[in-house]
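Read the structure below first, then the notes.
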There are 2 protein chains.
Amino acid sequence: MRRTSDKHSKIIQAAIKVFARTGFFNARISDIAKEAKVADGTIYLYFNNKYDILLSLFEEEISKIIVQVKQAIEKETDPRKMLETFALHHLKLVEKNEELAEVLQMELRQSNKFMKEYRNTRFVEYVDIISVIVHKGQEMGMFRSDVMPGVVKRAYFGALDEMSRLWILTPNPPYSIEETAKHICEIFLHGICTDEARKGALS
Amino acid sequence: MRRTSDKHSKIIQAAIKVFARTGFFNARISDIAKEAKVADGTIYLYFNNKYDILLSLFEEEISKIIVQVKQAIEKETDPRKMLETFALHHLKLVEKNEELAEVLQMELRQSNKFMKEYRNTRFVEYVDIISVIVHKGQEMGMFRSDVMPGVVKRAYFGALDEMSRLWILTPNPPYSIEETAKHICEIFLHGICTDEARKGALS
DNA sequence: CGATCATGAATGAACGTTCATTTTTTACAG
DNA sequence: CTGTAAAAAATGAACGTTCATTCATGATCG
């Protein structure tokens, strides 16, 4: 195995750039090769095909993210704080690595082919971080026991990911990442109703 | 203009089927032609190119949806009920027209390029239905004035759309559409915290 | 020097789009 | 109502480009 140059990750990093710029289908292998400063053929020494690059990219990068988020969350004891930490981390990715965020968000979902036929366990693992937190909060009597962790995890993830889109798509976003993370977490924790409305007529 | 057969919409409907099945980039014009029972060349009498089909599809179908949702919401007076109605409508699309739901969902994310270029106003109009409701609720003193409608609309939409994915991806979904719509709305209205946690330490 | 790694030109299949030809519709005169 | 000719609509085979992938050759390493 090449060690000194580590072509494998050079290619992955190049692919992130190119996929983010042009999208998976419009990306040429030759573009990735050029970006990675290797020959076209070299890519096929490290990956089976174009799709395999996308797959590996996803596996490797999301694994790193999962580790980081889990570490950050372990530092907290309050499930509410944990949820906020998750939100912050999720949104911060746009700031830290916009190209990766774009690829993870846009390209990986261009077709449900990816989600369907390839049992996407890594992705599930990521979203399950949320449901574990929710469950913990329920055990502590802090979160309502009638909310379904399986729904909350998707809703929370979906809400955050949609916000990510905003930053990816708009040049100068109207909200800061930190305030938005807090805001969304706050909404999920306490809802948008006023206390008066809360007491009043049924939901 | 041909009236009796209306090739335009026949092609659009065929495209929805084919795009849903294979995704935009893997879809062949010849597939759409076959599905619509027209010749390949005929498609180019009605659309400029492949991309134009996607664009038209998007515009036309989302316009119909907007009209329907707005009508349903106008019947309600309570903003909380309006939010629930929106959720129900959004999720119901998977039931009513799964293929369209799939296309709208993945192509929306996929073609962020097209969001950028075309300033996708129809989509914005759809999501703005939510922010209008939130604003109304705030004016009525029913929703907290410190929540930002611009964030809530995205979060709510994102949460719902992520749930849609569940039904599109999983053969036999664990939750019913109606209960999920209610559940998500309920979470956004009141939050997941218990009353005890609410009173306790800060958020 | 044998083995491993890298190269990039050549290959071949795929597919969006065009356009010469055919079919259908329309208009209208007898 | 019928015949007919121009216009409009539809067809699908052919074109030409684009690229993923391969592999014979060359470079580098141990």
Side-chain angles (χ1 to χ4, degrees), chain A residues 1-60 103 106-108 110-111 113-114 117-118, chain B residues 1-60 103 106-107 110-114 117-118:
Chain A
M1 285 278 145
R2 193 72 296 98
R3 276 286 133 259
T4 47
S5 59
D6 194 7
K7 298 258 158 65
H8 179 93
S9 70
K10 259 171 82 175
I11 293 167
I12 293 269
Q13 293 311 311
I16 292 173
K17 273 192 151 50
V18 176
F19 288 162
R21 190 160 56 230
T22 67
F24 174 75
F25 285 101
N26 291 314
R28 274 160 288 184
I29 291 290
S30 59
D31 289 338
I32 299 173
K34 196 193 289 180
E35 182 77 41
K37 290 183 183 121
V38 299
D40 293 17
T42 305
I43 289 180
Y44 289 87
L45 298 175
Y46 293 88
F47 301 92
N48 297 325
N49 50 46
K50 189 179 169 184
Y51 189 59
D52 188 38
I53 302 175
L54 186 64
L55 226 70
S56 308
L57 182 166
F58 177 76
E59 280 280 324
E60 293 173 27
V103 173
M106 310 282 183
E107 304 309 326
L108 285 175
Q110 21 67 348
S111 103
K113 199 171 141 247
F114 181 81
E117 62 190 36
Y118 158 79
Chain B
M1 282 276 146
R2 190 76 292 97
R3 276 285 133 260
T4 48
S5 59
D6 194 7
K7 298 259 158 67
H8 179 92
S9 70
K10 259 172 81 175
I11 294 168
I12 294 271
Q13 293 310 312
I16 291 173
K17 273 191 151 52
V18 176
F19 288 162
R21 191 160 57 231
T22 67
F24 175 75
F25 285 102
N26 289 315
R28 271 162 288 182
I29 291 291
S30 58
D31 290 338
I32 299 173
K34 195 192 290 178
E35 182 75 42
K37 291 184 183 121
V38 298
D40 293 19
T42 305
I43 289 180
Y44 289 88
L45 298 175
Y46 294 88
F47 302 92
N48 297 326
N49 50 47
K50 188 182 173 184
Y51 190 58
D52 188 36
I53 302 174
L54 181 64
L55 225 67
S56 308
L57 184 165
F58 218 101
E59 282 280 318
E60 293 173 26
V103 173
M106 71 190 181
E107 298 305 343
Q110 207 295 312
S111 37
N112 58 331
K113 321 288 181 243
F114 122 78
E117 290 164 21
Y118 286 84

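Numbers restart at 1 for each chain; the letters A, B, ... are given by sequence-line order, proteins then strands.
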Taking side-chain contact (heavy atoms from CB on, under 4.5 Å) as the test, write out the residues that go with Tyr44(A), two or more places apart. Ile29(A)
Identify, with sequence neighbours excluded, every residue that meets side-chain hydrogen bond (donor to acceptor under 3.5 Å, both in side chains) alongside Ser30(A). none
Taking only residues at least two apart or on different chains, which pairs with a member in residues 41-57 of chain B satisfy salt bridge (Lys or Arg N to Asp or Glu O under 4.0 Å)? none
How close or far is atom C1' of dT11(C) from atom OH of Tyr44(A), stated in whole angstroms? 13 Å
Using the ring of each side chain (for Trp, its six-membered ring), is Tyr51(B) parallel, tilted or perpendicular to Phe24(B), with breaks at 30° and 60°? perpendicular
What is the distance, rounded to the nearest whole Å, between atom CZ of Phe47(A) and atom P of dT22(D)? 15 Å
Sequence neighbours left out, what passes side-chain contact (heavy atoms from CB on, under 4.5 Å) with Lys17(B)? Give chain and number order. Glu35(B), Glu99(B)
Under the side-chain hydrogen bond (donor to acceptor under 3.5 Å, both in side chains) test, residues paired with Asp40(A) that sit two or more places apart: none
Kindly say if Lys7(A) contacts the phosphate of dC5(C), meaning a side-chain N or O under 4.0 Å from OP1 or OP2. no
Separation of Lys34(B) atom NZ from dC15(C) atom P, in whole Å? 12 Å
Could you state the atom-to-atom distance from NZ of Lys10(A) to P of dC5(C) in whole Å? 16 Å
Check nucleotides 12-14 of chain D against the protein and report each pair of N or O atoms closer than 3.5 Å, with its distance, or say if there are none.
unit_1, atom_1, unit_2, atom_2, d
dG12(D), N7, Gly41(B), N, 3.2

Euclidean distance, Met106(B) CE relative to Met106(A) CE, rounded to 0.5 Å: 15.0 Å
Rounded to whole Å, please give me the gap between CD1 in Ile32(A) and P in dA20(D). 8 Å
Nearest 0.5 Å, what's the CD1-CG distance between Ile16(A) and Leu57(A)? 4.5 Å
Pull out every protein N or O sitting under 3.5 Å from an N or O of nucleotides 16-19 of chain D, one pair per line with the distance.
unit_1, atom_1, unit_2, atom_2, d
dC19(D), OP2, Arg28(A), NH1, 3.4

Can you see if the side chain of Tyr51(A) gets near the phosphate of dA20(D) - specifically, an N or O under 4.0 Å from OP1 or OP2? no
Of Val103(A), Asn26(A), Asp31(A), the one forming a side-chain contact (heavy atoms from CB on, under 4.5 Å) with Phe19(A) is Val103(A)
How long is the line joining CG of Leu45(A) and P of dT4(C), in whole Å? 13 Å
Rounded to the Å, how far apart are Ile11(A) CD1 and dC5(C) C1'? 12 Å
Lys37(B) NZ to dA9(D) C1': how many Å, rounded? 20 Å
